[in-house]
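Here is how names work: the chains are called A, B, and so on, in the same order as the sequence lines, proteins then strands, and each is numbered from 1.
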Protein chains: 2
Amino acid sequence: MNFHIAIDCVILAYEAPSQKLMVLVIKRDKEPFAGNWVLPGGFVKNTEPFQQTALRVLEKETGLNNAFLQQLHAYSLTDPSEENRIASVAYYSLVKLEDTAPLNQSQQARWVDLKNIPQLAFDHGQKVEDAISRIKKEIQHEPLVYHLLPEKFSLNNVQSFYESLFQKKLDNRNFRKQLKKLPYLEPLAEYEQDVSHRPAQLYRFNQEQYAIFHSL
Amino acid sequence: MNFHIAIDCVILAYEAPSQKLMVLVIKRDKEPFAGNWVLPGGFVKNTEPFQQTALRVLEKETGLNNAFLQQLHAYSLTDPSEENRIASVAYYSLVKLEDTAPLNQSQQARWVDLKNIPQLAFDHGQKVEDAISRIKKEIQHEPLVYHLLPEKFSLNNVQSFYESLFQKKLDNRNFRKQLKKLPYLEPLAEYEQDVSHRPAQLYRFNQEQYAIFHSL
DNA sequence: CCAAAAGTGTTGAAACTACACCCATGG
DNA sequence: CCATGGGTGTAGTTTCAACACTTTTGG
């Protein structure tokens with residue numbers, strides 16, 4: 001049995017001011033499902049590894065070539081009636097909104113709020129769900145947040161992100177205490193600007209410190 | 001680009017008396033790599049879902065049709081020079097040794113100790129490593145041990161398993177205290193037999209209690 | 001001086017670590 | 001009675017949860 005293998009990407013970003021977690025969708029221009037919203041994707045070409053196909057898709061849609069990207073799952077279904085069946089390997093990517101190129105208008109690409117996703121064609125709705133539930137697990141052990149937050153962020157940005165993801169309120173004092181214990185959160189001598197209240201101190205994720213901390 | 005998709009299975013079992021974690025390997029009878037040790041596997045047929053191919057492989061090798069089975073990862077490589085390229089989706093399975101059928105001798109199937117695996121062809125060595133590292137992660141949150149232990153087991157069986165997996169000694173009193181807190185470990189009025197020392201009390205994993213506990 | 005979000009400490013409860021001896025069985 | 005592994009409790013330390021007020025800034 002011969003397959004074509006499509007790579008679908010669940011590309012996620014977080015908009016700190018509005019506290020919205022968003023996924024990138026595009027309007028499909030081919031049949032089947034022309035005119036429907038789908039995840040960005042593409043077919044595996046020649047002998048390229050899956051990850052490379054995913055990187056191509058990611059770069060095409062966001063301009064990024066170094067974002068966090070992980071395999072999610074291989075899906076066999078798609079339409080089992082077709083002669084040359086299409087399997088699909090999904091990836092998920094976490095990107096900083098500030099680093100992305102403007103969206104491709106001809107494709108009608110859009111960031112949509114996770115709480116308000118349009119109907120997606122194929123099994124793409126399932127893939128988004130799977131990606132979120134994977135991230136909820138992984139984030140317990142891996143510092144995934146920092147891929148989504150801007151380079152410089154406040155401790156409350158981190159908290160707000162967790163609150164959006166898990167849809168529950170966290171205790172501000174206890175949350176900060178935990179973050180302050182992390183040796184890889186580097187406090188900067190910089191503060192939020194243009195806010196009409198006390199400006200928050202900014203922090204940065206320190207990759208080197210994390211590597212040391214993590215290897216213990 | 002057309003692919004054949006092979007499913008490879010990392011089938012793991014634990015032999016409680018010898019405290020060995022083992023993986024099932026078979027001697028390959030086709031070229032390339034005829035005569036080498038490989039993981040059991042097979043090609044995806046017609047329109048069957050990947051999981052079903054994996055179930056077929058698992059049943060063929062062990063006689064089991066209801067063991068724990070999860071997708072591990074999709075691997076693109078294999079030999080990129082081939083015209084019709086072979087991709088592979090690996091699964092891992094955890095089985096109770098007592099439930100498995102005798103091994104297929106014509107295939108020269110063998111349980112080999114993880115600490116002493118022969119050279120495996122293709123990227124199968126990598127797949128075994130990936131499976132183990134996945135299990136080490138998952139077992140922190142999921143009750144995977146109970147798929148590997150016999151139906152009735154002692155608390156020290158559980159401890160020994162963790163010690164083999166993580167290759168480090170654990171404190172017996174503290175470990176037992178933790179297990180005793182789990183509402184889904186059901187103590188039985190039964191004891192080890194034919195041992196020349198104080199026989200250990202046996203326990204059983206209670207699926208219903210776990211479902212309740214887990215949903216909280 | 002008002003509004004709005006940032007920032008800060010303490011206390012009681014629970015969980016975790018370290019650690020040494022007696023028990024039940026078979027031979 | 002010996003050897004072997006099964007089984008138990010306590011004390012000190014650390015982590016976690018709950019909780020309310022003051023600070024800084026812009027308007």
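- Salt-bridge formation is detected for the pair A:Arg204/A:Glu186: a Lys NZ or Arg NE/NH1/NH2 atom is positioned less than 4.0 Å from an Asp or Glu carboxylate oxygen.
- Regarding B:Leu170, its CG atom lies at a distance of 14 Å from the C1' atom of C:dC16, rounded to whole Å.
- When the nearest nucleotides of DNA chain D are assigned to B:Glu192 and A:Ser196 by heavy-atom distance, the more 5′-ward of the two goes with B:Glu192.
- Salt bridge present: A:Glu163 and A:Lys169 bring a charged side-chain N and a carboxylate O closer than 4.0 Å.
- Rounding to whole angstrom units, CD of residue A:Gln193 and C1' of D:dG26 are separated by 14 Å.
- What separates CZ of A:Phe175 from C1' of D:dA18 is a distance of 17 Å, to the nearest Å.
- Distances shown here put every side-chain N or O of B:Lys181 at or beyond 4.0 Å from the OP1 or OP2 atom of C:dA14.
- The base of C:dA20 lies close enough to the side chain of B:Arg173 for a donor and an acceptor atom to sit less than 3.5 Å apart.
- The nearest whole Å value for the distance from the NZ atom in B:Lys180 to the C1' atom in D:dG6 is 10 Å.
- Atom-to-atom, OH of B:Tyr203 to P of D:dG6 comes out at 13 Å; the value is rounded to the nearest Å.
- If you check every strand for non-hydrogen atoms under 4.0 Å, B:Gln178 touches nothing.
- With distances taken from any side-chain atom of A:Asn174 to the nucleotides C:dG9, D:dG6, C:dC19, the minimum falls on C:dG9.
- Side-chain N/O atoms of A:Asn172 and base N/O atoms of C:dA6 include no donor-acceptor pair closer than 3.5 Å.
- Look at OH on B:Tyr191: it is 24 Å from P on D:dT4, rounded to the nearest Å.
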A:Phe153/A:Tyr203 under ring pair (Phe, Tyr, Trp, His ring centres under 6.0 Å): CA gap, chis, key distance, verdict: CA-CA 5 Å; A:Phe153 52 84; A:Tyr203 288 73; 7.1 Å; no
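- Not a single donor-acceptor contact under 3.5 angstrom links the side-chain atoms of A:Lys177 to the base of D:dT14.
- Out of C:dG27, C:dA6, C:dA24, the shortest distance to the side chain of A:His197 is found at C:dA6.
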Criterion ring pair (Phe, Tyr, Trp, His ring centres under 6.0 Å) on B:Tyr162 and B:Phe175, from CA distance to verdict: CA-CA 10 Å; B:Tyr162 275 87; B:Phe175 190 84; 5.7 Å; yes
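- Contact annotation: A:Arg198 side-chain N/O to C:dG7 OP1/OP2 distance is not under 4.0 Å.
- For A:Gln140, the CD atom is densely surrounded, since the number of other residues' heavy atoms within 6.0 Å is greater than 12.
- As rounded to whole Å, 12 Å separates atom P of C:dT8 from atom CG of A:Leu179.
- Across the interface with DNA chain D, nearest-nucleotide mapping of A:Asp171 and A:Pro199 shows A:Asp171 to be the residue nearer the 5′ end.
- Counting distance only, with no hydrogens placed and no angle test, the side-chain atoms of A:Asn156 and the base atoms of C:dA5 include no donor-acceptor pair under 3.5 Å.
- Separating the CD atom of B:Gln159 from the C1' atom of D:dG7 is a distance of 12 Å, rounded to the nearest angstrom.
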